[in-house]
Amino acid sequence: MKFDLKCSVQLSRKADEMEEELEEFIKKIEMEADFKWKIEGDKILMEIVSDKKRSHEIILQIYKKIAKFFGMHKIGLRQIYIDEYKIEFEVEKKPLEKIEIPFAEVEINERIVLIKIKDKGEEFIRQNYVDRIIRRIREKIEKQYYEGKKEYWNLLWKSSEKKHVWNKDPSEEMQKRGWIKLIGKGKWFYFPPSAEIMRAMEKIALNEVVLPLGFKEVIQPMHVSFETWMKTGHLEGMPGEIYYICEPKSREIKEWEKFVDLLKIKREVDEKELLKNLKTPKAGICYAQCPNIYTALAGKTIAEDSLPILLFDRSTPSDRYEAGGKHGIERVDEFHRIEIVYIGTKEQLINIKEKLIEKYRHVFEDILDLEWRMAKVTPFYLQQAGIAGGEEDEVEGTVDFEAYLPYRGDRSKEWLEIQNISIVGEKYIKAFNIKSQKSILWSGCSGIGLERWMVAFLAQKGVEPDKWPNEFKKYLNKLPEMPEFL
Ligand code: ATP
Ligand code: ZN
Ligand code: MG
């Protein structure tokens, strides 16, 4: 790498006469780079060229020393000003496309990247923007290589083929019967029959999996702060899938008067006036339930006796701005999940994962009687980062549970992910600074998608309770009637 920093510092008065004395002073400073400087009136101009230590780090040390020197002569120093900072570094792979980044010009020549940063204040160096710009460029190049590639998928287990009672699309059928109604983009209203089916799924998950394994319920806010999502990575990972929340600037009726006037006169919302009354978002609606659980545990030291920590949430729906592929109740913008979170030693987590798989298997085989399968999945970017290589016996990573949807036909590919089990190692433990007395902690979560369980079940077993498996009928054997609409 090569760092070439041209910068200047404003002095409180002209100081050309100090040059010789300063030269003597600087000679005594041990320098790890090529350092040039001169005084020009009330300014000191500097250039630091280095191929090891970063010039922006060196300048901070030099600045401290010369501030002392000028201080002795009663001359004050303003902050460092970056006139031009050129950095050259090598990357592993040749970028496939042009790269752009805020704050810097980027030039690429095969595997050599040259960035140029101009006219910036001292904050820029102090806040470590430079290193982050370099890291982000490397990340963008990596991404060019894995974008569009499929995630790694490896079958772990598959149930036997089962006979299905029909091959209709349950969402369509429920809509025909009036059991579900679309209200807004990807958001459904569930009338009593469909609501009872979803609640039966929830009861099964709780009674057969979550509670017997010792998970305890929590209740969390539906709002998730940006700080939380910056720690989990959601804000950088899926900013385009979040439903953002705006607070009003004020709750005073007076402040909203014009908005109400316009509403009453135009009989529609005046968007400009509305936006004037809203703050910019600092939070969003729950995307997955685990981030707020980690936030609740942030900074805590967990007693050994309390390990593993086993919690679950079913209090808040999850909202996601889904693009294409929305269909019926299986890919929606608002869905209902039970999410369980486990924190413990690696051994404890291996044990929990085994027990979870055993319980889920019991539900899908013995109660819902589904045609389903389990696969180890690793998104390509994680394989790349070496976080999870996708080995079958590897603990970190995700297991997806999928069910076959007969109405879609082709048995070789029409499977829907209905839930997953993830173990993420120390990732979130570190991000949220959760500690134990002595053990190294790992964590993970498992999201049970109730709409997905429901769709899988109804797609295979139909919507007539008399055709449902007996074990399921123990949870629900009769549906409430729909009101009659004329
Ligand atoms: P996909 O690849 O299908 O978008 P995902 O990787 O985004 O899924 P996760 O974030 O792993 O899903 O969420 C875990 C579970 O949440 C899924 O197994 C599923 O049960 C449920 N889920 C996720 N997105 C939706 C959605 N849009 N509609 C209904 N359920 C969903
Ligand atoms: Zn989670
Ligand atoms: Mg998704």
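The structure displayed is predicted, hence computed values, not measured ones. Note that ligands are numbered from 1 as they come in the structure, with each ligand's atoms numbered from 1 the same way.
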Report, in ascending order of atom number, the atoms of ligand 1 lying under 4.0 Å from any heavy atom of [X].
X: Glu330; value: 28 (N), 29 (C)
X: Glu322; value: 24 (N), 26 (C), 27 (N)
X: Gly449; value: 20 (O)
X: Ile418; value: 18 (O), 20 (O)

What residues, two or more places apart in sequence or in another chain, satisfy salt bridge (charged side-chain N to carboxylate O under 4.0 Å, His left out) together with Glu139?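 Glu139 satisfies salt bridge (charged side-chain N to carboxylate O under 4.0 Å, His left out) with Arg136 once adjacent residues are dropped.
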
Option whose closest heavy atom lies nearest to atom 28 (N) of ligand 1, chosen from Asp333, Val332, Asp319: Val332

To which of Arg452, Gln419, Arg320 does the heavy atom nearest atom 7 (O) of ligand 1 belong? Arg320

Donor-acceptor contacts under 3.5 Å from residues 340-348 side chains, at least two apart:
| from | atom 1 | to | atom 2 | distance (Å) |
| --- | --- | --- | --- | --- |
| Tyr342 | OH | Ser422 | O | 3.0 |
| Tyr342 | OH | Cys445 | N | 3.4 |
| Tyr342 | OH | Cys445 | O | 2.9 |
| Thr345 | OG1 | Gln348 | N | 3.1 |
| Thr345 | OG1 | Gln348 | OE1 | 3.4 |
| Gln348 | OE1 | Thr345 | N | 2.8 |

Compute the ring centroids of [X] and [Y], then answer whether they are less than 6.0 Å apart.
X: His56; Y: Phe124; answer: no
X: Phe457; Y: Trp468; answer: yes
X: Tyr243; Y: Tyr287; answer: no
X: Trp188; Y: Trp179; answer: no

Can you list the residues that meet the side chain to side chain contact (heavy atoms under 4.5 Å, CB included) rule with Ala456, with sequence neighbours excluded? Leu370, Ala403, Ile418

Between Ile204 and the options Ile367, Leu476, Leu450, Val210, the side-chain contact (heavy atoms from CB on, under 4.5 Å) test singles out Ile367

Between ligand 1 and [X], is the shortest N or O to N or O distance under 3.5 Å?
X: Ile448; value: no
X: Glu451; value: no
X: Glu417; value: yes

Check for me whether Arg373 meets the cation-pi criterion with Trp157, that is, NZ or CZ under 6.0 Å from the six-membered ring centre and within 45 degrees of the ring axis.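 Geometry flag: not set, cation outside 6.0 Å or 45°.
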
Under 4.5 Å between any side-chain heavy atoms of Trp442 and Ile423, yes or no?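 SC-SC contact between Trp442 and Ile423 confirmed.
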
With a heavy-atom distance limit of 4.0 Å, tell me whether Asp400 approaches ligand 1 through its side chain, its backbone, both, or neither.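 Near ligand 1, Asp400 shows nothing, with every heavy atom at 4.0 Å or more.
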
Side chain to side chain contact (heavy atoms under 4.5 Å, CB included) assessment of Gln419 paired with Phe364: CA-CA 12 Å; Gln419 61 168 37; Phe364 299 147; 3.7 Å; yes

What protein N/O/S atoms lie closer than 2.8 Å to the Zn ion (ligand 2)?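 Near the Zn ion (ligand 2), below 2.8 Å, one finds Cys290 SG, Glu339 OE2, Cys445 SG.
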
